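Scroll down for the structure; my scribbles are underneath it.
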There are 2 protein chains.
Amino acid sequence: MRSKAVPDIVISRLPLYLRTLSHLAAEGKTITSSQELGQRLGLSSAQIRKDLSHFGEFGKQGTGYDIEFLQQQLKKILKVDRRRDVCLIGAGDLGHAIVLHHEMLEERGFHLVAVFDHNPRKIGKTIGHLEVIDSEAMPTIIRDQGIQIAIIAVPARSAQSVADTLVEAGIRAILSYAPITLNVPEGVQVQYIDPVIHLQHMTYYL
Amino acid sequence: MRSKAVPDIVISRLPLYLRTLSHLAAEGKTITSSQELGQRLGLSSAQIRKDLSHFGEFGKQGTGYDIEFLQQQLKKILKVDRRRDVCLIGAGDLGHAIVLHHEMLEERGFHLVAVFDHNPRKIGKTIGHLEVIDSEAMPTIIRDQGIQIAIIAVPARSAQSVADTLVEAGIRAILSYAPITLNVPEGVQVQYIDPVIHLQHMTYYL
DNA sequence: TAGATTGTTAATCGATTAACAATC
DNA sequence: TAGATTGTTAATCGATTAACAATC
C-alpha cells in the first residue's frame, strides 16, 4: 500500500525553505531552527516542523537543524540533488533575459541546454553561450537528450501548440510565461508566471 | 462594524477569472457560466460561484454571466477599473524585457511610467519609449507623481535597500523578481516572481 | 542539570464541495 | 412550461496551530 501523498501545498513550500537555507549558509550560519526559518519566511515554526515531518526527522531536539544537511535532504526530496536539463522555447526579449541569467538556474539545480525559435531571423544567432535552434529540430533534440523540463517564452497565441509539441516529444514539466491556461495530459506538470496576475492581486488592497 | 474580510485566497483567483473572461470575449462569446469558467481554469463551478458571492450577485439563473458586465465588476473589485501607474527599478536584461513588453501591462490596467537604475552607463539610455533615470531621482519622482506600485528587477543583494527606499517614498505595492523575502512594514503589499521556485516544485513530481 | 527545540498529537480554524430552492 | 444555472446553506474535507512529551 502506497503511503498517503504529501499535500501539494507542502511541496510548494519546500523550495522556499531551500532558498532560505542557502541565504543562511551564505551568512555563515551552520545551524538553524524552525523558529528562525519561520521568521524569515513569515510562517509559523509549527508549520515548518509539520511540513518536514512528512519526509522524516531532520533535526535534533534542543539544537535545531544542520543547514548543510537539511539542504541536502530537501534537494533529494525535490529531486534537484542532481543537475536537470532544461530547454527554452522563444528567443524574444524574455527568452534573452532568461538565457543571459542562466547562472540563476545553474546555481539551483538546473542546466539550460537549448533555446528554440521558429523565426528565421533568430535561428543561428547566438545568445550568451547558446545558439538559437530551429523549432523544427526541437522534438528530436528533446527526445535524443532526454530533456524533461521546458520553459515557454512565446506569445500567448502560440503557447498551446508549443506545449502540445513539447508533451509529444516527452517533456514532463512546463514553466510557461504565456498568460493562458495550457491543456496538457494528466501527469504533465505545468506552472505559470504572469506578473500582471500578481499586480492585480495587490491592487485589491490599495 | 466592518464586514468580515474576503479571504486572500479568493482575491488571488479574481485576476485569473478576469483573464479568462478576456479570452472568452476574444473568442466572440458574450455569455458564460460558472461551469465554463471552472473548466477553463481547472476549478469547480461551485468554487467560482462561491468566490463571486463574496462581492455580490453578478449572474442570472438559467443563463449565466454576461462576460462584459462581469469583467467590469471584477475590474472594479480589483481596483483596476482605472489605469494605475507603475515604475520599474533595474534596467538590466530583465528590466529591458519588461519595458519592451509594457503593452502586456497597459492592456490589463497598468501604465509603466519610469525606469530607474544607478549604473551611470545605463542612465540616460533609452529602452523602448522610456529613458533610464538615475535612482537618485527616484523618491522625488515617485512622490511627485503619486506612484503606488513598483517592480523590482535588481540583483538580490540590492533588493532590500531598494525596497526600503521605495516604501519610504510612498510605494504601497511591490512586485519583486529578486529571490529573497523582503522586509516591509505592515500594509505594504509584496509579491514575488522566482522561476526556480516553480521549477523545483515541479521536479518533485518527476 | 537546565534550557532549548524537535516531532507529533489533538484541537481549531478555514476552504471546498455537494446539494437544492429560487428563478430566469 | 421545461431546462438551465445561479446564489447559498450545510456538510465535508483539509490545513494550520497550540501544546507538550521526548530528548539533545
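All heavy atoms count here, side chains included; hydrogens, waters and symmetry mates do not. Remember, predicted model here, so these are calculated numbers, not experimental data. So that the names make sense, note that chain A is the first sequence line, chain B the second, and so on, each numbered from 1.
- One can place CD1 of B:I48 at 14 Å from P of C:dA18, the figure rounded to the nearest angstrom.
- Side-chain nitrogen and oxygen atoms of B:S44 include at least one within less than 4.0 Å of the OP1 or OP2 phosphate oxygen of C:dT17.
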**Request:** Map every base of DNA chain C to its dot-bracket character, where paired means a Watson-Crick or G-U wobble contact with both distances under 3.5 Å and | marks a partner outside the strand.
**Result:** ..||||||||||||||||||||||

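- One can place CG of A:L52 at 7 Å from P of C:dG7, the figure rounded to the nearest angstrom.
- Considering only the side chain of A:Q47, D:dT16 comes nearest among D:dT6, D:dC20, D:dT16.
- Here the P atom of nucleotide C:dA4 and the OH atom of A:Y65 are 17 Å apart, to the nearest Å.
- Closest approach to the B:R49 side chain among C:dA19, D:dA15, C:dC24 is made by C:dA19 (side chain taken as heavy atoms from C-beta onward).
- Residues A:F58 and A:I77 have side chains in contact (heavy-atom distance under 4.5 Å, counting atoms from C-beta outward).
- With C:dT6, D:dG7, C:dA15 as the candidates, the nucleotide lying closest to the side chain of B:P7 is C:dA15.
- Aromatic ring pairs are classed by plane angle as parallel below 30°, tilted from 30° to 60° and perpendicular above 60°; the pair B:F55 and A:Y204 is perpendicular.
- Contact annotation: A:Q61 side-chain N/O to D:dA22 OP1/OP2 distance is not under 4.0 Å.
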**Message:** Pair B:R40, B:E27 - check salt bridge (Lys or Arg N to Asp or Glu O under 4.0 Å), show working.
**Reply:** CA-CA 13 Å; B:R40 298 258 180 158; B:E27 291 167 22; 2.8 Å; yes

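- At least one side-chain nitrogen or oxygen of B:S34 sits closer than 4.0 Å to the OP1 or OP2 atom of D:dT6.
- Distance NZ (A:K50) to P (C:dT6): 16 Å, rounded to an integer number of Å.
- Computed from coordinates, the B:R13 CZ to C:dT16 C1' distance equals 9 Å when rounded to whole Å.
- Note: CD (A:Q73) to C1' (C:dT6) measures 16 Å, nearest angstrom.
- Rounded to whole Å, the distance from CG on A:D8 to C1' on D:dC13 is 16 Å.
- Rounded to an integer number of Å, the gap from CD1 of B:I9 to C1' of D:dG14 is 12 Å.
- For A:H129 and A:H102, the gap between ring centers is short of 6.0 Å.
- When each of A:T63 and B:T32 is assigned the nucleotide of DNA chain D bearing its nearest heavy atom, the one mapping closer to the 5' terminus is B:T32.
- By the 6.0 Å contact criterion, NZ on A:K29 is enclosed, its count of non-hydrogen atoms from other residues, nucleotides or ligands being greater than 12.
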**Request:** Show your reasoning for whether salt bridge (Lys or Arg N to Asp or Glu O under 4.0 Å) applies to A:R19 and B:D194.
**Result:** CA-CA 10 Å; A:R19 190 179 79 181; B:D194 181 353; 2.9 Å; yes

**Message:** One pair to check against side chain to side chain donor-acceptor pair (under 3.5 Å): B:H101 and A:D93. What are the steps and the verdict?
**Reply:** CA-CA 8 Å; B:H101 286 282; A:D93 301 308; 3.3 Å; yes

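- Contact annotation for B:S45: no contact, since no heavy-atom pair falls under 4.0 Å across all strands.
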